[in-house]
S.K.: 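Handing you this structure, nothing more for now.
The chains referred to below are lettered A, B, ... by the order of the sequence lines, with proteins before strands, and numbering in each begins at 1. Small disclaimer: the values here were computed from a predicted structure and weren't measured.
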There are 2 protein chains.
Amino acid sequence: MKKVSLKDIATAAGVSTALVSYVLTNKEKEARVGEEIAKKIREIARKLNYQPNYIARSLKSGRSFTIGLIVADISNPFFGNIARTIEDEAKRNNYTVIFGSSDENAAKSGDLVNVLLNRQVDGLIITPAEGSEQQLRQLQAQNIPFVLIDRFFPDITASHITVDNYQGAKKAVEHLIRKGRQRIGMIAYKTTLHHISERKRGYQEALQTHGYSAGRSLLKTARYSHLKEDMQLAIDQLLNSRHRADAIFFATNSLAIEGLKYINERGIRIPDELAIITFDETDALDLFYCPVTFVRQPIPEMGKAAVRVLLEQINQPHKGIEHICIDTTLVVRKSCGKRR
Amino acid sequence: MKKVSLKDIATAAGVSTALVSYVLTNKEKEARVGEEIAKKIREIARKLNYQPNYIARSLKSGRSFTIGLIVADISNPFFGNIARTIEDEAKRNNYTVIFGSSDENAAKSGDLVNVLLNRQVDGLIITPAEGSEQQLRQLQAQNIPFVLIDRFFPDITASHITVDNYQGAKKAVEHLIRKGRQRIGMIAYKTTLHHISERKRGYQEALQTHGYSAGRSLLKTARYSHLKEDMQLAIDQLLNSRHRADAIFFATNSLAIEGLKYINERGIRIPDELAIITFDETDALDLFYCPVTFVRQPIPEMGKAAVRVLLEQINQPHKGIEHICIDTTLVVRKSCGKRR
DNA sequence: AAAATATGCTTAAACGTTTAAGGATGCAAG
DNA sequence: CTTGCATCCTTAAACGTTTAAGCATATTTT
């Protein structure tokens, strides 16, 4: 049961493959195809259940109608949701999506980029890993369209979609301040990635603006690769000091989840002993005995924007880059307690 | 900056493209290429940073080295994890993965199958939606290699990877029985899908074997599409009856999460008032104030098996189908309480 | 010395499309 | 009755590979 090709249709209709191609790609007008024969060709195509061979089409056109997506880890619901909206949106535009997970590792990410480019993707949507600047510059040198999502590098002039991480973090901390928390800690990843830096900056500026001493730092970091140990250490440091923290702001959902696991283990009561606030939502935070207040990133908007910007870049190479910054919303639950 | 092709290398080396192809695909032996010239060709290829065009290769070979993956919803961590292992494993075998989410909807799933086939995937890994039997039969008729994962249809003879859902459910219920629970309810999806049926069967047989009256049923169902409302109703029915349930077995993680949200809302205390057990793990269950006992599906094993079986089927079309059934493990936490 | 075989390379077709260029026919205008 | 111009269709090349077949030349076998 071989696949039906243009040639099969052409033979059946007694015409050349060219004519069939013109008709089936709706170029009858330009190619001045007769109405009768066009109808006949369509008829036969339908009858034989013709499905175009995208591979052949791609080879000829130099375009694959495929997008490459590189996320840190597709099994993390944050990225899963991004992937979901990107795939949906791509499909709406007749694109398919190939994906890979970089594990926040620049080398892996580089491998993935190469694999995807060999598959002739028309463009890439990337959550870049720390230290992947060089790769991106190479992409630029090769004129490969790409869009960064979730983070970017300030000194690389490329299109990107992010949320306003600075404002988001500030909102979070100010919420804690309004709730009367005195010693507000933050736990972030140990990384120079811009989105995390911005969240740190938002945290620090919020404290300063409201006259909190930025003296002895309550900003702790954990390594992505040693999350568990570093997290326990960070929390221990925050809670065992003489000036024990009475609130913790987690920079991402994965940090919050790991942190709360340990906080549970230590039997610390939220929100009485400790207020909690985090970036990103996830079921786990809903289900926590004290539902966690969080900064929401509008993932569907981000995903749609990423696809839109990428396709624009593919179709209008000289359009110039685009920086999209979307606002976050603070979703108040119970983990920061009442005013006191 | 055009891409480097075989022809460019051939020109640079002063030979034909055929020779270059032979060398770069390591067919020097069969093609009896001279050592000198082979070395030279390799040298030039490296210098020009040649990257083969997979599209062209695919067109010629009729193989795309691409797998299509259809899951219910990539943003669900269960499927995200499946996708993750499948992608990793595929990459190890020089395959890439295109994916799509069916939302448990047969029509969407059918669309996806068509899209992926048009992209000339070499095979498919599918979590089939309810009512998609016809699609699968069509795939069989077209001789498209595919492997089902997570579920299958007993009356369709196709390769599949599942866990032993029957035993898993039985283990879960027997655990509840050992803990002395008397009125054990179950909440599952309203579906005829086999994995869910098997879990229901495990539940029922466990009860029967241990002499529980299967009289008035404590097995409730919820629609995937109306999860929230149906879940609340189910739980209300289980808990408001005169013979109030003292344990609930959830058939999947999404059911457990939705269920626990409502249980929290109603302020029911786990495990004292109600024991909880579920299929599948997720962060949310870890983080619950009373960590939830669950039946673990070995996702990495499943993913790897799926890729292995699919590639076998692609490479040895007459190998015959394979049914892989993997054991689950019961992971005991605290949500079923102590013996009483 | 002729025939057979080995060696090292090229030619050319093929995969399924797309599309510029061209050819054949009919018809109106000169 | 030519010329010009639509109209409708075909030819053929191209995209970047792979690979069977062929063609010299050199070497071995008989």
S.K.: If the condition is side-chain contact (heavy atoms from CB on, under 4.5 Å), which residues does Asn114(A) pass it with, not counting sequence neighbours?
M.R.: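 Partners of Asn114(A) by the side-chain contact (heavy atoms from CB on, under 4.5 Å) criterion come out as none, since no residue qualifies.
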S.K.: Who are the side-chain hydrogen bond (donor to acceptor under 3.5 Å, both in side chains) partners of Tyr224(A), not counting sequence neighbours?
M.R.: none
S.K.: Strictly below 4.0 Å, heavy-atom distances to any atom of DNA chain D: list the hits from residues 5-15 of chain A, or just say none.
M.R.: Gly14(A), Val15(A)
S.K.: I need the Ile86(B) CD1 to Ile67(B) CD1 distance, nearest 0.5 Å.
M.R.: 7.5 Å
S.K.: Could you check whether any side-chain N or O of His318(A) sits under 3.5 Å from a backbone N or O of Gln313(A), counting only pairs where one atom can act as donor and the other as acceptor?
M.R.: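 The answer is no, because no donor-acceptor pair under 3.5 Å joins these two groups.
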S.K.: 5' to 3' on DNA chain D, which nucleotides open and close the contacts with chain A (atom under 4.0 Å from a heavy atom)?
M.R.: dT7(D) to dG16(D)
S.K.: Looking at residues 40-68 of chain B, who's got a heavy atom less than 4.0 Å off DNA chain C?
M.R.: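 Within this stretch, Leu59(B), Lys60(B) sit under 4.0 Å of the strand.
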S.K.: Write out a two-atom table: protein N or O, nucleotide N or O from nucleotides 20-24 of chain C, distance below 3.5 Å.
M.R.:
unit_1  : atom_1 : unit_2   : atom_2 : d
dA20(C) : N7     : Tyr22(A) : OH     : 3.2
dA20(C) : N6     : Tyr22(A) : OH     : 3.2

S.K.: Give a yes or no answer on whether the side chain of Glu133(A) reaches the backbone of Ile156(A) with a donor-acceptor pair at less than 3.5 Å.
M.R.: no
S.K.: Does any part of the side chain of Asp150(B), heavy atoms only, come nearer than 4.5 Å to the side chain of Gln297(B), both counted from C-beta?
M.R.: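 A side-chain contact exists here, since the closest heavy-atom pair is under 4.5 Å.
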S.K.: According to side-chain hydrogen bond (donor to acceptor under 3.5 Å, both in side chains), does anything in residues 47-58 of chain B pair up with another residue at least two apart or in another chain? List the pairs.
M.R.: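 Sorted pair list: Asn118(A)-Gln51(B).
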S.K.: Going by ring pair (Phe, Tyr, Trp, His ring centres under 6.0 Å), name the residues that satisfy it together with Tyr22(A), two or more places apart in sequence or in a different chain.
M.R.: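 Ring pair (Phe, Tyr, Trp, His ring centres under 6.0 Å) list for Tyr22(A), sorted by chain: empty.
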S.K.: What pairs meet the side-chain hydrogen bond (donor to acceptor under 3.5 Å, both in side chains) rule with one or both residues in residues 119-130 of chain B, with sequence neighbours excluded?
M.R.: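 Of all non-adjacent pairs touching residues 119-130 of chain B, those that pass side-chain hydrogen bond (donor to acceptor under 3.5 Å, both in side chains) are Thr66(A)-Arg119(B), Thr96(A)-Arg119(B), Ser64(B)-Asp122(B), Glu130(B)-Thr191(B), Glu130(B)-Thr192(B).
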S.K.: Could you tabulate the donor-acceptor pairs under 3.5 Å formed by side-chain atoms of residues 70-78 of chain B, not counting sequence neighbours?
M.R.:
unit_1   : atom_1 : unit_2   : atom_2 : d
Asp73(B) : OD1    : Arg84(A) : NH1    : 2.9
Asp73(B) : OD1    : Ser75(B) : N      : 3.0
Asp73(B) : OD1    : Ser75(B) : OG     : 2.9
Asp73(B) : OD2    : Ser75(B) : OG     : 3.1
Asn76(B) : OD1    : Phe78(B) : N      : 2.8

S.K.: Could you check whether Arg92(B) pairs with Glu89(B) (Lys NZ or Arg NE/NH1/NH2 to Asp/Glu carboxylate O, under 4.0 Å)?
M.R.: yes
S.K.: Test of understanding: with side-chain hydrogen bond (donor to acceptor under 3.5 Å, both in side chains), list the residues that count as partners of Arg46(A), not counting sequence neighbours.
M.R.: none
S.K.: Start with the C-alpha gap between Lys39(B) and Glu43(B), add the side-chain angles, then the distance that decides, and say whether salt bridge (charged side-chain N to carboxylate O under 4.0 Å, His left out) holds.
M.R.: CA-CA 6 Å; Lys39(B) 216 169 118 190; Glu43(B) 189 83 357; over 6 Å; no
S.K.: Could you tell me, to 10°, how much the axis swings from one end of the helix from dA1(C)-dT30(D) to dG30(C)-dC1(D) to the other, five pairs per end?
M.R.: 70°
S.K.: Within 45° of the axis and under 6.0 Å from the centre of the six-membered ring of Phe65(A), does NZ or CZ of Arg63(A) qualify?
M.R.: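 Output yes; distance and angle both within limits.
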S.K.: Is there a donor-acceptor pair closer than 3.5 Å between any side-chain N or O of Gln140(A) and the backbone N or O of Thr157(A)?
M.R.: yes
